[in-house]
Protein chains: 2
Amino acid sequence: MSTVFEEIKVEKVSDKISEQIVKLIVDGKLNPGDKLPGERQLIDVLGVGRSSLREALNRLETLGYIEIRKRKGNYVKSIDATLQLDPLKGLIQADLRKIVQLYELRRDLEQASAYNAALKRTTEDLKRIKETLIAFRRQSGAARFSWSADQDFHLAIAQASQNFLRVHVISNIFEFSEEFLAPVIEEVANQRDNQSIIAQQHEAIYQAIADQNAELAGKRMDEHLCWTNERLIELIDKNQGI
Amino acid sequence: MSTVFEEIKVEKVSDKISEQIVKLIVDGKLNPGDKLPGERQLIDVLGVGRSSLREALNRLETLGYIEIRKRKGNYVKSIDATLQLDPLKGLIQADLRKIVQLYELRRDLEQASAYNAALKRTTEDLKRIKETLIAFRRQSGAARFSWSADQDFHLAIAQASQNFLRVHVISNIFEFSEEFLAPVIEEVANQRDNQSIIAQQHEAIYQAIADQNAELAGKRMDEHLCWTNERLIELIDKNQGI
DNA sequence: CGATACTATCTGGTCAGACCAAGCGACAAT
DNA sequence: ATTGTCGCTTGGTCTGACCAGATAGTATCG
């Protein structure tokens with residue numbers, strides 16, 4: 001029975017309007033830089049109320065299709081800017097210090113990651129982790145901090161924990177935080193000591209995983225990330241003050 | 001010269017409104033699933049016109065922060081960004097047993113959630129958790145398992161852990177897994193004992209959080225979810241065989 | 001007493017009309 | 001040629017009104 005009837009969808013007026021305008025842009029009837037007719041003119045042509053029209057225009061603006069210039073008019077935008085609507089990004093932008101919460105989350109996951117890796121790692125996993133360790137040491141000789149080598153280590157452990165979701169989520173966190181921290185993270189390289197401290201911590205974690213000592217692996221990972229987070233907070237506070 | 005003068009920016013009323021609401025979400029004053037006051041009520045509180053308010057709400061919806069349900073109200077959405085789960089839907093559909101990995105992830109987070117809640121909970125947080133406990137007991141009297149009351153308990157703890165991201169991510173996992181498990185979860189209700197066992201486990205967790213015993217809270221949460229996961233695996237294996 | 005039916009009210013969606021301040025162009029005064 | 005003024009246009013905002021569906025409390029009927 002349930003397959004016989006279709007749900008009746010009520011489409012908002014503003015949806016139809018924005019669909020139509022997007023179609024015009026896609027079809028090339030409206031080109032970047034073109035000025036749309038004034039709002040009062042459009043509501044006549046479209047036969048809708050101004051609030052619906054404005055709702056549509058507003059959505060188109062936040063989606064990046066048009067640009068609303070107060071007291072000047074509405075213009076079609078060139079869609080060169082990759083329209084990214086990552087809600088999380090907006091949230092963190094609202095308060096950079098919130099990124100600490102993201103890193104707290106990371107600690108939750110990575111602590112478990114190391115714990116489970118110690119229990120479930122294969123010898124291949126272990127070998128892969130070892131390789132990332134060597135790569136990190138090698139690259140830390142260079143002037144700048146090698147973020148990607150650091151990430152490789154953590155991701156290798158996540159893989160060893162035999163949970164593809166964990167890898168996925170942790171990798172997401174890396175990707176996400178990179179663009180926020182890229183401007184400040186370079187400072188880490190200035191304090192050259194940090195590099196070797198991190199390397200030592202990594203090696204200690206590796207050792208615990210190799211020994212299949214889950215408790216210790218988890219504990220060391222937690223301490224490692226606590227230490228990292230503290231450095232991070234220092235950095236942010238310093239740059240925030242400017 | 002150009003550096004001496006700053007451009008005067010005119011901020012739209014709707015911008016201020018949406019900023020404020022985003023801030024409320026970031027600060028955890030508004031949590032996933034919360035219902036916003038009605039539009040007519042909000043314009044009184046904020047002292048703005050309805051068009052500006054609606055403009056703000058509309059933007060927040062297209063950005064993914066809230067969900068506008070016609071004739072029902074406006075609700076805060078959980079943020080999907082960290083855990084971009086949608087692409088994974090296909091993977092889990094292909095092999096329902098993969099959901100075990102999702103629940104392992106949940107355990108990572110919730111163990112930390114309980115741990116931190118025990119450390120950081122306010123007395124208000126504690127009161128809120130207690131209420132979910134009572135609601136669960138009351139609803140478990142009914143024939144069917146009250147999934148939402150169960151979720152409320154776990155989310156209340158996440159809130160008490162003072163990390164808004166944790167709330168969102170856990171809420172996301174619930175949302176995501178609900179659609180997979182809805183068909184099988186009802187069976188839990190058949191074994192009436194489970195209901196009271198879960199209630200007891202919840203109460204034990206609550207007690208540890210009330211006592212601010214972080215280690216114990218984390219441990220009990222972990223055990224609780226281990227137990228749950230085992231029941232889950234049984235269910236899946238049984239239904240998979242058909 | 002219990003199930004059904006109704007009604008008052010609340011919700012978001014839409015429309016219409018009004019006013020504001022700033023941009024802009026035409027035109028006059030200097 | 002520069003400056004000042006006036007009026008029109010533009011998007012931004014507010015108010016008030018109505019609609020239709022959802023909802024909950026009340027009244028009615030069996």
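Chain naming here is simple, since letters A, B, ... match the order of the sequence lines and numbering starts at 1 in each.
Under the 4.0 Å criterion applied to side-chain N and carboxylate O atoms, K219(B) and E223(B) are assigned as salt-bridge partners. Salt bridge K29(B)/D34(B): absent, no basic N to carboxylate O contact under 4.0 Å. With respect to the salt-bridge test (charged N to carboxylate O, under 4.0 angstrom), the residues R107(A) and E104(A) do not qualify.
You'll find a donor-acceptor pair under 3.5 Å spanning the side chain of R50(A) and the base of dG12(D), going by distance alone.
For DNA chain D, the residues of residues 29-43 of chain B within the heavy-atom distance limit of 4.0 Å (strictly under) are R40(B), sorted by number.
Within 4.0 Å (heavy atoms only), S51(B) reaches at least one base atom of the nucleic acid. Residue contacts for V10(B): at a heavy-atom cut-off of 4.0 Å it reaches no nucleic acid atom on any strand shown.
Along DNA chain C, the nucleotide closest to K72(A) and the one closest to D15(A) are compared, and the more 5′ of them pairs with D15(A).
In this structure, G73(A) and K35(A) approach most closely via the heavy-atom pair CA-CE, 4.0 Å.
Atom CD of E55(A) is separated from atom P of dT14(C) by 6 Å (rounded to the nearest Å). Rounded to whole angstrom, the span from the CG atom of L46(A) across to the P atom of dC15(C) amounts to 10 Å.
Here R71(A) does not reach the OP1 or OP2 of dC24(C): none of its side-chain N or O atoms lies under 4.0 Å away. Of the side-chain N and O atoms in S52(B), none sit less than 4.0 angstrom from OP1 or OP2 of dG12(D). For K12(A), a side-chain nitrogen or oxygen approaches OP1 or OP2 of dG13(C) to under 4.0 Å. Between N74(A) and dG11(D) there is a side-chain N or O to OP1 or OP2 distance below 4.0 Å. The shortest distance between the side-chain N/O atoms of K70(B) and the OP1/OP2 oxygens of dT11(C) is not below 4.0 Å.
Shown here is K12(B), whose NZ atom has more than 12 heavy atoms of other residues, nucleotides or ligands within 6.0 Å.
Side-chain atoms of S177(B) come within 3.5 Å of backbone N or O of I173(B) as a donor-acceptor pair.
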